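What follows is a set of notes on a single structure, which appears directly below.
Letters go in sequence order (proteins before strands), and every chain restarts at 1. Bear in mind that the values here come from a model prediction, so they are computed numbers and not experimental data. Every heavy atom of this structure was used, including side-chain atoms; hydrogens, water molecules and symmetry mates were not.
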Number of protein chains: 2
Amino acid sequence: MISANRNIRRLLRYRNSLCKMQELGFETVYSYNLGRETGVSPEQVRKDFSQFGIKGNKKGGYNINELLITIREIFRKDELQKVIVVGVGNIGNAILQYKGFQKNMIEIVASFDIDPTKYKKKKLPVPVYSLDKLPKFVVEHKINTAIMTVPERVAQDVADLLIEAGIKGIMNFAPTVLKVPPHIHIVNICIGHELESLIYHSLQMGNNGRGKGS
Amino acid sequence: MISANRNIRRLLRYRNSLCKMQELGFETVYSYNLGRETGVSPEQVRKDFSQFGIKGNKKGGYNINELLITIREIFRKDELQKVIVVGVGNIGNAILQYKGFQKNMIEIVASFDIDPTKYKKKKLPVPVYSLDKLPKFVVEHKINTAIMTVPERVAQDVADLLIEAGIKGIMNFAPTVLKVPPHIHIVNICIGHELESLIYHSLQMGNNGRGKGS
DNA sequence: AAATTAATGTTACACTTTTCACAATAAAGA
DNA sequence: TCTTTATTGTGAAAAGTGTAACATTAATTT
Ligand SMILES: NC(=O)c1ccc[n+]([C@@H]2O[C@H](COP(=O)([O-])OP(=O)(O)OC[C@H]3O[C@@H](n4cnc5c(N)ncnc54)[C@H](O)[C@@H]3O)[C@@H](O)[C@H]2O)c1
Ligand SMILES: NC(=O)c1ccc[n+]([C@@H]2O[C@H](COP(=O)([O-])OP(=O)(O)OC[C@H]3O[C@@H](n4cnc5c(N)ncnc54)[C@H](O)[C@@H]3O)[C@@H](O)[C@H]2O)c1
């Protein structure tokens, strides 16, 4: 069985590049092409493909179309994947407005907020419901995944609510480590921490533009 | 010298928890407290502190106040760190509205966009300038770091422009691997990929709630 | 048809990160 | 004061991840 975490992310990067290449009319790609485009070593590219059972041709490289089909199969892109957003504030809004998910068979089907003033928002592509509609909605629409963009203070409570409702995966934007049962998947998007980490590393090497070259 | 990447992220997580503990009136913390709160093993906590030269007391644990001071020193929080945002769309807007950065000595001082209709936005806490004001602004205000929230299509060009202007670190929200010189730091925030990865992992284990326990 | 070539596929190695085990030690208790 | 105890601090083992070397093979050339 496939180990799968870093490779999964890389696979998604490959897919992006492969789509662009396909749009440009290319039919095949070599591991070093794809590596260059995605910042990955050619060996790693081959190894990743090998791990997912993707075969290339000994001299002609990989067929882009086949690659894309296989990658889509790996990600179960045969069926639309439904997601909800909880917390329609700054980030929640931004995500609801974003059109890019559909391309990858992901659809945000509803959003939820505790603040009644949000329910009437007409500019949004999906309705905003009150929180107490959430459990029924999740069950009826068989939702597995939620994007959680609520204030830090309530993040754990909202997560508990989501899990109670049957959600299996949560994308959490609050800078909190959620305590959840082991079968629940969490992805933390910590914009603040990423930014601080970036600033730290930039400061580390000063302004003289001499990073560890190698 | 400190190696520093994973540890840096964990340090930021520790800081979050430590702040909360301090607000609650605690004065000391044990590695296993902090570990529990941040989802890190106690050994890892101790090792991280040890690596950054932080000492605890053989029975009494660590002093929270000292810890916080040291962590702030590591991140050079003596001076305000100035950041710009490029691309005032959905995400750019959300970030500009966010009040949480100041607490950690980060200030977004200006934003830039190619679309003139954005320049008059009055609801924003910082001005939106035209792109051609960027190079001068970056030099005059000694900006090192930029948050880049522009469409994928233009991401590489905008990154080139930023680097040309003297930016050393870029937080990139476009799902593209930027090609940059080795002394430039990039953090990619790939919301789409994170979401797909989350869905993948949730699907992998089916709906029966039996993750690899251990 | 044989040799060469240009790629893939894989095995072994190196590095990084985490976990484990336990030594060290300061505080608390006897 | 001596012993116990609870916790830190760290060196060694293990696991995970990426790199490098090379064996393999199908196409191309001679
Ligand atoms: N905006 C940013 O740039 C940014 C940066 C870093 C981190 N974050 C984090 O992302 C999260 C969201 O940030 P934001 O700026 O969008 O916040 P926001 O305050 O704009 O939005 C939060 C939304 O959640 C809703 N809400 C509050 N309590 C709720 C509950 N119990 N159930 C459901 N909805 C509830 C609010 O009504 C509001 O609409 C926060 O945790 C924040 O720390 C945001
Ligand atoms: N919104 C989301 O939830 C989301 C999710 C995943 C990825 N992303 C990525 O984040 C990025 C931003 O997304 P968004 O939804 O905010 O997009 P958006 O279209 O709302 O905003 C982009 C902004 O960039 C500006 N812009 C365009 N070209 C520019 C240039 N050359 N220089 C400066 N500014 C320029 C536009 O005028 C616009 O204001 C995109 O790359 C997108 O793929 C967004």
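Judged by distance alone with a 3.5 Å cut-off, no donor-acceptor contact links the side chain of Lys47(A) to the base of dT8(C).
dG29(C) atom P lies 7 Å from atom NZ of Lys59(B), rounded to whole Å. Taking atom CD of Gln44(A) as the reference point, atom P of dT8(C) lies 14 Å away to the nearest angstrom. Atom CG in Asn33(A) sits about 13 Å away from atom C1' in dA6(C), given to the nearest Å. For the pair Asn7(A) CG and dG18(D) P, the computed distance is 8 Å after rounding to whole Å. For Ile8(B) and dT17(C), the CD1 to C1' distance is 15 Å, given to the nearest whole Å. At whole-Å resolution of the value, CG in Leu34(B) and C1' in dT8(D) are 14 Å apart. The OH-P distance, from Tyr30(A) to dT8(C), rounds to 8 Å in whole Å. Between Asn57(B) atom CG and dA27(C) atom P the separation is 7 Å, expressed in whole Å.
Within the nucleic acid shown, Lys55(A) comes within 4.0 Å of sugar-phosphate atoms alone, with no base atom in reach, counting heavy atoms only.
The ring-ring contact (aromatic ring centres under 6.0 Å, His included) test with Tyr62(A) singles out one residue from Phe52(A), Phe49(A), Phe26(A), Tyr14(A), and that residue is Phe49(A).
Taking the six-membered ring for Trp and thresholds of 30 and 60 degrees, His141(A) and Phe137(A) have nearly parallel ring planes, at less than 30 degrees apart.
OP1 or OP2 of dA7(C) lies within a sub-4.0 Å distance of a side-chain N or O belonging to Tyr32(A). The phosphate of dT18(C) (OP1 or OP2) has a side-chain N or O of Arg10(B) nearer than 4.0 angstrom. For the pair Arg46(B) and dG9(D), the criterion of a side-chain N or O lying under 4.0 Å from OP1 or OP2 is not met. Of the side-chain N and O atoms in Arg6(B), none sit less than 4.0 angstrom from OP1 or OP2 of dT16(C). Under 4.0 angstrom from either OP1 or OP2 of dG9(C) there lies no side-chain N or O belonging to Ser50(A). Within the 4.0 Å cut-off from OP1 or OP2 of dG9(D), at least one side-chain nitrogen or oxygen of Tyr62(B) is found.
Checking dT24(D), dA27(C), dG11(D) against every side-chain atom of Lys58(A), the shortest atom distance belongs to dT24(D).
A salt bridge does not link Glu196(A) with Arg9(B): none of the charged nitrogens is closer than 4.0 Å to a carboxylate oxygen.
Annotation: the span from Ile108(A) atom CD1 to Gln97(A) atom CD amounts to 10.0 Å, rounded to 0.5 Å.
If you find the closest nucleotide of DNA chain D to Ser41(A) and to Gly56(B), the one lying nearer the 5' end belongs to Gly56(B).
When all heavy atoms of Ala159(A) and Met148(A) are compared, the closest pair comes out as N-SD, 3.7 Å.
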